[in-house]
S.K.: 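Can you read through this structure? Questions will come right after.
Just so we're on the same page: letters track the sequence lines, and every chain starts at 1. Note that this is a predicted model, so its numbers are computed, not measured. In what follows, every heavy atom counts, from backbone to side chain, and hydrogens, waters and symmetry copies are set aside.
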Amino acid sequence: MSGTEPLLRVEGLVKRLGAQEVLKGIDFVVHRGEVVAIIGASGSGKSTLLRCLNLLISPDNGRILWKGREVGWVERGGKRIRATERELLPYRTEIAMVFQSFNLFPHMTALQNIIEAPVMVLGRPKAEVTAEAEALLAKVRLGHRKDAYPHQMSGGEQQRVAIARALAMKPEALLFDEVTSALDPELKGEVLAVMRDLAAEGMTTISVSHEMGFVRSVADRVIFMHKGRVRESGDPKTVLANPQTPELAAFVESVTD
Amino acid sequence: MDWSVITGNAGLLGRAFLTTLWVAGATILLSVLLAFPLAVMRDGRIRALRWTAAVFSWAMRATPALTLLFLSYYGLPQIGIYLDAVPAAIAGLTFSAAGYNMEYIRAGLRAVPATQYEAARALGMPGWMILRRVIVPQAIRTIMPPLTSNLTLVLKGSSLAGMVAVTELTGAGMALISETYRPFEVLIVIALAYLGLNGLLIRLQKLVERRLGPGAA
Amino acid sequence: MDVLLRQFPRFLDAIWLTLWMFAVITVIATLLGLALALWAEGRRARGLDLYTWVFRGLPELVVLLFCYLALPYAGIDLGSIGSAILAFVLVGTAFHAEIFRASLRAVDPRLTEAARSLGMPPGLRLRRVVLPQVARIALTPWATFLAGNVKMLSLASAVSVGEVMMVTRQSLAISQDPLTLILFAGAVYAAIASLVMIAETLIGGWMTRRYGPATGGT
Ligand SMILES: Nc1ncnc2c1ncn2[C@@H]1O[C@H](COP(=O)(O)OP(=O)(O)OP(=O)(O)O)[C@@H](O)[C@H]1O
Ligand SMILES: [Mg+2]
């Protein structure tokens, strides 16, 4: 893949939360169509990293390059200053995020949740978006639930609606933050199946996940984080089979069931 | 601004301030004394008493305090009860406050686990002793915070007494204004007096919450 | 009883006046309270604190007298109904602002985050995501305040607004039967207050059935 600019390039990312330096200089690149998995113990900074990538929180140091252009900072009067919330919005529509706790809007039906942003943010015609949304619901196997409100759906159904909601923005990459960990074991499968479908279609995804089966079989690359740093990365089959650091060895040990 | 209205009538305003304290203080004390047995009745075993207490609580909370005040000032003489302005005002305000206090006390009593009643009964304690020695000491924690926050409402409510010819702060103010035509000075002083008292009550409320609230030792 | 019957047309007018004053005050004070709560988010909380402390701490009657007796000296003569509306709006705004401030804080921050991740700008987020949650969270405290506030309208009689309590007081002067008159007036306010609470129960129940329990999020 050399020669082409990666979709996403992260350089020396640092983020402090309170007194603690949660990210201590993260570097990696993601190419179009790649499926990247981020693993690591609780508190290692995985969620913080994803929220930085979406610029829901702004990094204290380092650069994020999206399609070769730096995001989060703008040039104004010859000075480099932080972009405002409004200036970040176009970027956020290109890189969508799915959360551990679903975060569906409780006062909207499944269908309304999905069409909300394409209609209100992108200003696309409602009829067209609705047709797409129905197709997306069918794709996540929820065609029959389009008029259900979030409280009437199971966690697995809600999470699949949330994925459809993210896809409706036609993003170029998807961020998944432990999207299955709030779900009962029997519901995890239906969400993982959707994620597998997306990978097979060539969607670029960056997922924080503790599902080692999924990481092994679906991810093109795994990134192991420890205390705010990338400790190991590479092909999941190799990396997970032969940990080079005691931390990864201990982590693999702890999550293998 | 001409503050001589205030300085010249300092004595009147001072007495009015004391009347406000007296009306509000008496209302608080009497309304709690009245509300307590009603709260016990409300969840008690005798059906007629339960209903009486429930209707009382609803009626007192749904009716304007001013109505209750007029009832005791203009209405009671009709059935042969003649009260002076101050006692009539205190009576009206007491009934109004009792409706709310009843609910706080009831919620507090209910918050004591049922097992405490059982344990006390197993020890052979009579009903009133269970209440006094076991339930109330535990319930007081939940009862006091809303009760003290209700004090600010009682203080504000005492201003209504001014409308049945009691010369408490507001009543005295109205009289002074119609005499001197200096509403700004008079109302500012009265407002400051109320806000000062209110500040003290909020202090008291914080103190009670710290002493009794959740997390207190 | 005969006085009540003879005065009945006047009572009807008075009930009507009470109702529309209540409606006008509620609409204005609710909108102002919401606007203040939004304005005070973050750093400007102090100004709102002072305002709500003053207007929640003063007796309504004092505010009313100020609007009716003092403002004309400053060249603002609103008449009796106008002063009463102004006074209750000033007081109501303070209470509503506190209710909405607490409700805004109770909205699940994860919903806001989800909206941001979808690229929704702040205004859109507020309108489409945050305010619908606020409406649910604030419903009960808002209705409870209103039910209490209806009763406070009886104070407007102090500045000779011809609402229910005013007509009652005037009728008292010519009646042998003050008890009936006063009880009738009390019943009118109690009925309006009860209607507010019943409406709250119905709307709250409908929302819970449709949107699930109000937790601020999913
Ligand atoms: N708002 C905050 N203020 C201060 N510290 C925070 C904040 N949010 C997170 N942290 C800290 O940052 C560290 C990393 O948190 P993060 O949520 O990124 O971890 P994580 O790897 O996603 O863990 P998990 O697997 O439990 O989700 C933790 O130690 C956490 O306590
Ligand atoms: Mg996390």
S.K.: Which atoms form the tightest heavy-atom contact between B:Pro64 and C:Ser154, and what is the distance?
M.R.: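 Shortest heavy-atom separation between B:Pro64 and C:Ser154 comes out as CB-OG, 3.7 Å.
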
S.K.: Quick check: does any side chain N or O of C:Lys151 sit under 3.5 Å from a backbone N or O of B:Leu66, one acting as donor and the other as acceptor?
M.R.: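 Not at all, since once roles are kept as given, no pair shorter than 3.5 Å links the two residues.
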
S.K.: For each of C:Leu65, C:Leu181, C:Leu58, C:Val62, tally heavy-atom pairs with chain B at distances under 4.5 Å, and name the one with the top tally.
M.R.: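 Going by pairs under 4.5 Å, I would pick C:Leu58.
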
S.K.: I'd like to know whether CG of B:Asp84 has more than 12 heavy-atom contacts from other residues, nucleotides or ligands below 6.0 angstrom.
M.R.: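 Count not over threshold, so no.
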
S.K.: Who in residues 174-182 of chain B is close to chain C, using a strict under-4.5 Å heavy-atom cut-off?
M.R.: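 Counting heavy atoms that sit under 4.5 Å from chain C, the residues of residues 174-182 of chain B involved are B:Met174, B:Ile177, B:Tyr181.
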
S.K.: Can you find a pair of side-chain heavy atoms, one from C:Met165 and one from B:Met163, that are under 4.5 Å apart?
M.R.: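 A side-chain contact is absent here, since even the closest heavy-atom pair is not under 4.5 Å.
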
S.K.: Is the count of non-hydrogen atoms from other residues, nucleotides or ligands lying under 6.0 Å from B:Trp51 atom CH2 greater than 12?
M.R.: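 Counting neighbours around CH2 of B:Trp51, 12 or fewer heavy atoms of other residues, nucleotides or ligands fall under 6.0 Å, so no.
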
S.K.: Would you compute the distance between atom CZ of C:Arg169 and atom CZ of B:Phe70 and round it to the nearest 0.5 angstrom?
M.R.: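 If I round to the nearest 0.5 Å, the distance is 4.5 Å.
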
S.K.: Among C:Met152, C:Glu60, C:Met197, single out the residue with the greatest number of heavy-atom pairs under 4.5 Å to chain B.
M.R.: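 Greatest number of close heavy-atom pairs with chain B: C:Glu60.
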
S.K.: Would you indicate whether C:Trp16, at its atom CH2, is surrounded by more than 12 heavy atoms from other residues, nucleotides or ligands within a distance under 6.0 Å?
M.R.: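 No, the 6.0 Å shell around CH2 holds no more than 12 heavy atoms from other groups.
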
S.K.: Can you pull out the residues in residues 186-207 of chain B with any heavy atom less than 4.5 Å from chain C?
M.R.: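 Listed by number, the contacting residues are B:Leu187, B:Ile190, B:Ala191, B:Tyr194, B:Leu195, B:Asn198, B:Gly199, B:Ile202.
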
S.K.: Which one of C:Val150, C:Val63, C:Leu155 has the most heavy-atom pairs closer than 4.5 Å to chain B?
M.R.: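 Most heavy-atom pairs under 4.5 Å with chain B: C:Leu155.
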
S.K.: What is the distance from atom CG of C:Leu69 to atom CZ of B:Phe184, rounded to the nearest 0.5 Å?
M.R.: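 If I round to the nearest 0.5 Å, the distance is 10.5 Å.
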
S.K.: Considering all heavy atoms of both residues, which atom of B:Gln78 and which atom of C:Asp177 are nearest to each other, and what is their separation?
M.R.: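 Looking at all heavy atoms of both residues, the shortest contact is NE2-OD1, 2.7 Å.
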
S.K.: Considering only heavy atoms and a distance below 4.5 Å, find which of C:Gly186, C:Ala74, C:Ala193 pairs most often with chain B.
M.R.: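 When all of C:Gly186, C:Ala74, C:Ala193 are compared, C:Gly186 has the most.
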
S.K.: Can you give me the closest heavy-atom contact between B:Lys156 and C:Arg56, atom names plus distance?
M.R.: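 In this case the closest contact between B:Lys156 and C:Arg56 is NZ-O, 2.8 Å.
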
S.K.: Write out, in numerical order, the residues from residues 87-101 of chain B with a heavy atom short of 4.5 Å from a heavy atom in chain C.
M.R.: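 Heavy-atom contacts from residues 87-101 of chain B to chain C are B:Tyr100.
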
S.K.: In terms of heavy-atom proximity below 4.5 Å to chain C, should B:Ile79 be classed as side chain, backbone, both, or neither?
M.R.: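 It is the side chain, since no backbone atom gets that close.
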
S.K.: Checking C:Asp77 now: which residues fulfil salt bridge (Lys or Arg N to Asp or Glu O under 4.0 Å) with it, not counting sequence neighbours?
M.R.: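 In terms of salt bridge (Lys or Arg N to Asp or Glu O under 4.0 Å), with neighbours along the sequence ignored, C:Asp77 is linked to no residue.
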
S.K.: Using non-hydrogen atoms and a 4.5 Å limit, figure out which bit of B:Ser159 sits close to chain C: side chain, backbone, both or neither.
M.R.: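 Both backbone and side chain of B:Ser159 come within 4.5 Å of chain C.
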
S.K.: Just verifying a value: how many Å separate B:Thr67 OG1 and C:Tyr189 OH, rounded to the nearest 0.5 Å?
M.R.: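 Result: 6.5 Å between the selected atoms.
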
S.K.: Is the shortest heavy-atom distance from the side chain of B:Pro183 to the side chain of C:Tyr68 under 4.5 Å?
M.R.: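 Side-chain contact under 4.5 Å: no.
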
